[in-house]
Structures are given as C-alpha cells and as structure tokens.
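All remarks here apply to the structure that follows.
Only this structure's heavy atoms are used, side chains among them; waters, hydrogens and symmetry mates stay out. Naming: A, B, ... by sequence-line order, numbering from 1 per chain.
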Amino acid sequence: MSSAPQAPVVTRFAPSPTGYLHIGGARTALFNWLYARGRGGKFLLRIEDTDRERSTPEATAAILRGLTWLGLDWDGEAVSQFAGRARHAEVARQMLANGTAYKCFATQEDIEAFREAARAEGRSTLYQSPWRDADPATHPDAPYAIRLKAPRDGATVIEDAVQGTVTFRNDQLDDMVCLRSDATPTYMLAVVVDDHDMGVTHIIRGDDHLTNAARQVQIYQAMGWQVPVFAHIPLIHGPDGKKLSKRHGAVGLEEYQAMGFCAAGMRNYLTRLGWSHGNDELFDDAQALAWFDLAGIGRAPARLDFKKLENVSGHHIAKAADERLLPEIEAYLTAVARPALTAQQRDGLLKALACTKERAKTFPELLEKAHFVLASRPLELEPKAAAALDAVSRGILRELTPQLQDASWVRNELEAIVSAVAAAHGLGLGKIAGPLRAALAGRMVTPSVFDMMLVLGRDETLARLNDQAA
RNA sequence: GGCCCGUUCGUCUAUCGGUUAGGACACCAGGUUUUCAACCUGGGAAGAGGGGUUCGACUCCCCUACGGGCUGCCA
C-alpha cells in the first residue's frame with residue numbers, strides 16, 4: 001500500500017483553529033518539525049478551518065504564537081484549508097467521473113431511519129446507501145452528497161511507521177461522504193487532497209487518526225495517488241493516565257509559557273515524551289535534529305510529569321547564554337503581563353544571571369532569586385528579613401561597613417572580611433550571612449551574599465548596608 | 001455493541017529470545033553548605049493476569065482485564 005518515497009521529506013502540522021494550541025498538538029508539531037528539519041526537508045503548516053462555526057482567526061493567531069514561542073518555524077505561509085474548497089470539490093467530481101464515487105440522495109432522515117432499524121436488528125449501523133448502484137435515470141432532481149464507492153471486499157492495510165501493519169476489513173468501513181449536499185468538502189476529503197497537493201510525504205499525527213487513515217487511504221486509491229508514510233503517535237495523557245483535559249490543569253501550550261518554562265527545555269521535554277534515543281535525556285536542538293527518527297517513537301500514551309519538565313527546563317536555563325536568556329525572560333514578563341524591565345533592571349539582571357540561572361527551574365523562580373538586583377532603595381523588608389535585622393545584627397553590620405569601604409571588590413577579600421568580623425564576635429559565617437542577606441536583598445532567599453555584593457558593586461552594597469545599620 | 005491501538009519501577013523510558021531488567025525525574029537516607037537551591041554518595045522501586053511456542057521469554061502467538069481511539073453530510 002504505502003511506500004516510502006525517498007524524495008525530500010515534507011511534513012505538515014494541521015491544527016483546527018478552534019482554541020489554543022494543545023500541548024499534544026504542540027508535540028505533534030514538534031515531531032513533524034524535527035523529522036523534516038533533521039533531514040533537510042520542509043515543514044508545512046495548514047490550518048484546518050473548514051468548520052466555519054468553530055474556527056476563529058483568534059485561535060489561528062494563538063496557534064501560530066504558540067509554535068513561534070516553542071521555536072518551530074514553518075516553510076511558506078500557513079495554508080487555509082477552507083480556501084481550497086473549490087479544488088476539493090473538483091476532486092470529488094473527478095471521483096464521480098472515474099466511477100470511484102457516486103451521488104447519494106439519501107436525506108438525513110433516511111440515514112437516521114436506516115441506523116435505527118440496524119440497531120433494532122442488531123446489525124452494523126454503518127450506512128449502506130441504496131444509491132450506490134442506482135441507475136442514474138432514477139436520480140431525483142434534488143441535492144445530493146458525493147460518497148466514496150469504497151471496496152466492500154478485502155481489507156485496507158496501513159503500514160504505519162509507529163503502529164506497524166494495521167489491517168481494517170473493508171466491511172467495517174462505509175462509503176464516506178466526500179462532498180456534502182451543500183457542495184462543501186468533508187474533512188476526510190480535504191485532508192487527502194491537501195496532503196497530496198502539498199506534496200506531503202510523511203504524515204505524523206495523533207493516534208486518534210489511525211482509523212481515519214484507513215478511510216483516507218481509500219481516497220488515495222480512488223484517485224490513484226501515492227499514499228504517504230503514516231506515523232500515528234500516541235496521545236499525551238494527564239498525570240492520572242486519563243485523556244488530557246482541562247481538569248488536569250495546563251493543556252494549552254501558552255499556559256506552560258506562562259508558568260515560566262524555557263522554550264528549549266520545553267522542546268527537550270516534549271521530544272523525550274514518547275520518543276527515545278537510548279538513554280539520552282538531556283539534549284539540545286542540534287542533537288535532537290540529528291537523532292530524531294520515527295523508529296524511536298513509542299506506542300503507548302505518555303503522561304505529563306511536571307517535576308521532570310521542571311528539571312529539564314532548569315537544565316536548559318542553566319546552560320543558556322546570558323544574552324539569549326535575557327530576551328526570553330523579558331518575553332515571559334510580557335506574556336504574563338508583568339511590568340517590563342527598566343534599562344537599569346535590565347543591566348542588573350544581565351549581571352545577576354550568572355548567579356541565578358543555575359539554580360532556577362523556571363523564569364519566575366529565577367526572577368525571585370534576582371529580586372535583589374531588580375529592587376531599588378530603599379528596600380522593602382519582608383517580615384523574615386526584618387526579623388533577621390535585630391539590634392545586635394545591625395551593630396555588626398555597622399562594624400562591617402567601614403571595612404568594606406576599602407576592600408578590593410573581589411570575592412576572596414569580601415569573604416575574608418566578613419568572616420573576620422564574624423569571628424571577632426565568636427560567630428560563624430552563617431550567623432552574619434543572614435542579616436547581610438536581609439540588608440542586601442530585603443529577603444531571605446537569595447543568591448550567595450558575596451555574589452550579591454559583587455553584582456551590586458561597592459557603592460550600592462554600602463548604601464544598602466547603611467540603610468539598615470542605622 | 002463493532003472495529004482498531006496500547007500495557008516494563010510512582011512517572012518518562014532502555015531492552016529489539018539468553019542482562020544481577022539499565023538510565024532519568026521523583027522519593028528516602030547520608031554528605032557538603034551563608035538562605036533557597038545546586039552538587040556528591042547510597043537506597044527502595046517494574047515486565048497487568050492466564051495460557052501457549054521455545055533448551056530459554058519483558059521480548060513471538062492466543063485469551064482475559066484495564067486504558068485509549070474510531071464508529072457524523074465534526075475536524
């Protein structure tokens with residue numbers, strides 16, 4: 001049936017614009033992107049907007065935004081399936097002409113009556129149109145649908161790159177409608193025509209389309225077109241193993257962006273979810289592109305694991321170059337409608353990245369740790385920080401300040417000075433680090449006090465200490 | 001109901017007839033430590049159940065159970 005074309009790979013992602021970009025859809029898009037880009041092929045985007053009731057331009061925009069955030073780029077413009085309706089109808093007529101389809105005058109009521117009777121008698125409810133072999137002379141002057149004259153004997157076989165050989169008995173498949181009685185094409189017809197016209201060689205999509213694939217193959221056969229390679233990937237389930245739905249929390253990709261995961265980590269995690277390359281867990285785009293293949297895709301549905309996502313995200317944040325991380329953090333701020341960074345904060349954050357990115361799993365976590373450089377004097381003290389600055393502590397800070405005044409601003413020396421002052425009071429470094437932390441950041445969860453001093457610089461450090469020493 | 005797909009530690013997975021069934025995340029214990037982390041060391045943790053095939057099955061076949069999908073003139 002399907003044979004693997006050796007020509008350049010062409011894949012596509014074909015979402016329905018009826019809402020946000022689903023996390024499962026995002027992974028499907030990612031797999032298609034990896035497969036095509038890893039082989040120098042093309043990755044196309046087609047918006048399946050033939051359902052005029054449910055499709056909205058806002059949803060299309062949200063999907064494109066999601067893909068862009070994930071870092072997936074597509075070739076050419078996103079294609080509107082609805083725009084191709086004339087061509088779809090034309091193909092339906094061709095099938096009529098070559099005898100692989102027929103006009104069906106059955107009404108909605110006829111079909112319903114047929115099904116009810118079938119149910120009552122315990123027969124299959126697959127509709128069998130009386131018009132399949134009707135003499136054209138008996139055709140009424142009424143609207144009709146064009147149905148595929150599907151083979152009744154034998155089987156339709158799919159050689160799926162993930163699921164293996166899947167066989168459907170043809171008597172399990174009915175004559176599907178290709179062109180509705182209002183002359184609009186059905187999804188089943190439109191996908192096949194579009195995939196063929198766009199030269200798609202590999203269809204990588206959700207498992208939920210596996211049965212559809214059999215019907216679609218019949219259309220390819222009716223038109224004498226080459227069948228592409230199918231790869232039906234398992235769906236993503238919620239943490240409880242049930243189909244992923246809104247009650248599991250985040251289903252839309254944008255929610256993940258809002259949670260502050262970095263895009264590179266998201267790609268890594270999603271790629272690894274349902275696909276493997278031996279024991280490799282952490283990898284960058286270049287490796288993913290080189291390693292990704294259809295054979296590595298698993299056959300069972302996978303569950304989302306936020307802990308692991310966090311871990312992977314953290315790994316990528318830690319590895320990212322500062323210059324690249326900063327704009328991504330700013331994009332995150334915009335995405336969650338938080339105030340943009342001032343030029344000063346931007347400068348400060350860039351300097352603070354070195355001591356914050358390695359310990360943050362997400363952007364909000366990183367921003368939390370970088371609070372000391374984002375805040376400006378006079379610092380607002382959190383309750384715990386205020387508590388750490390008791391009279392005794394303030395006294396020690398007062399003693400520390402003049403010594404810092406003349407220090408050369410390098411880590412070793414700062415550490416030596418602070419340790420010496422602590423020792424003079426018979427205290428460990430830990431006892432003095434607390435108040436220092438409080439004075440420098442106004443909080444108790446921060447990077448190392450020495451890192452903060454280095455980032456803040458002498459003047460700002462001294463100013464903050466003086467603010468609290470009084 | 002019918003058809004189709006799936007089932008290895010809690011989770012993601014490796015294994016492609018012969019392994020003490022490996023790794024990662026999570027978890028537990030210990031270490032390191034100026035907070036939060038990070039990091040280091042160690043630990044517990046799996047082949048859904050039942051039949052076959054085979055000298056030998058997680059790997060192949062069948063049945064059952066469970067999960068999922070499709071069964072529209074939705075996509």
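Partner of Trp275(A) under the ring-ring contact (aromatic ring centres under 6.0 Å, His included) criterion, out of Phe292(A), Tyr269(A), Tyr35(A): Phe292(A) alone.
Using a 4.0 Å cut-off on heavy atoms, none of the residues of residues 18-29 of chain A approach RNA chain B.
In this model, a donor atom of one side chain and an acceptor atom of the other lie less than 3.5 Å apart for Thr446(A) and Arg437(A). For the residue pair Gln287(A) and His277(A), no side-chain donor N or O sits within less than 3.5 Å of a side-chain acceptor on the partner.
Both distances falling under 3.5 Å, in either a Watson-Crick or a G-U wobble arrangement, place C39(B) opposite G31(B). G18(B) is paired with C55(B) under the criterion used here, namely a Watson-Crick or G-U wobble arrangement in which both key atom distances are under 3.5 Å. Both distances falling under 3.5 Å, in either a Watson-Crick or a G-U wobble arrangement, place G1(B) opposite U71(B). Here C66(B) sits opposite G6(B) as a Watson-Crick or G-U wobble pair (both hydrogen-bonding atom distances under 3.5 Å).
Annotation for Gly274(A) and Ala302(A): closest pair N-CB, 4.5 Å, computed over non-hydrogen atoms. In this structure, Asn268(A) and Leu282(A) approach most closely via the heavy-atom pair OD1-CA, 3.4 Å.
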For this session: Go along nucleotides 69-74 of chain B 5' to 3' and tag each nucleotide: B for a protein heavy atom under 4.0 Å from its base, S when only backbone or sugar atoms are that close, - otherwise.
Result: BSSSBB
Seminar exercise, completed: Once base and sugar-phosphate atoms are separated, protein heavy atoms under 4.0 Å mark nucleotides 19-40 of chain B, 5' to 3', with B, S and - as ---BBBSS-------BBBBS--
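In this structure, Gly274(A) reaches the sugar-phosphate backbone alone: every heavy-atom distance under 4.0 Å involves primed, P, OP1 or OP2 atoms, never a base.
The backbone N or O of Gly84(A) sits less than 3.5 Å from a side-chain atom of His88(A), completing a donor-acceptor pair.
Comparing the same atom, P, in G50(B) and in U13(B) gives a spacing of 25 Å after rounding to whole Å. Across the P atoms, A21(B) and U59(B) are found 15 Å apart, a figure rounded to whole Å. A gap of 14 Å separates the C1' atoms of G47(B) and G22(B), to the nearest Å. Going from the C1' atom of C55(B) to that of C62(B) covers 22 Å, rounded to whole Å.
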Nucleotide N/O to protein N/O under 3.5 Å, stretch nucleotides 48-50 of chain B:
none

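Here Asp110(A) pairs with nothing under the salt bridge (charged side-chain N to carboxylate O under 4.0 Å, His left out) rule; sequence neighbours left out.
Residue pairs that meet the salt bridge (charged side-chain N to carboxylate O under 4.0 Å, His left out) test with at least one member in residues 278-288 of chain A, sequence neighbours left out, are Arg267(A)-Asp285(A), Arg272(A)-Glu281(A), Glu281(A)-Lys308(A).
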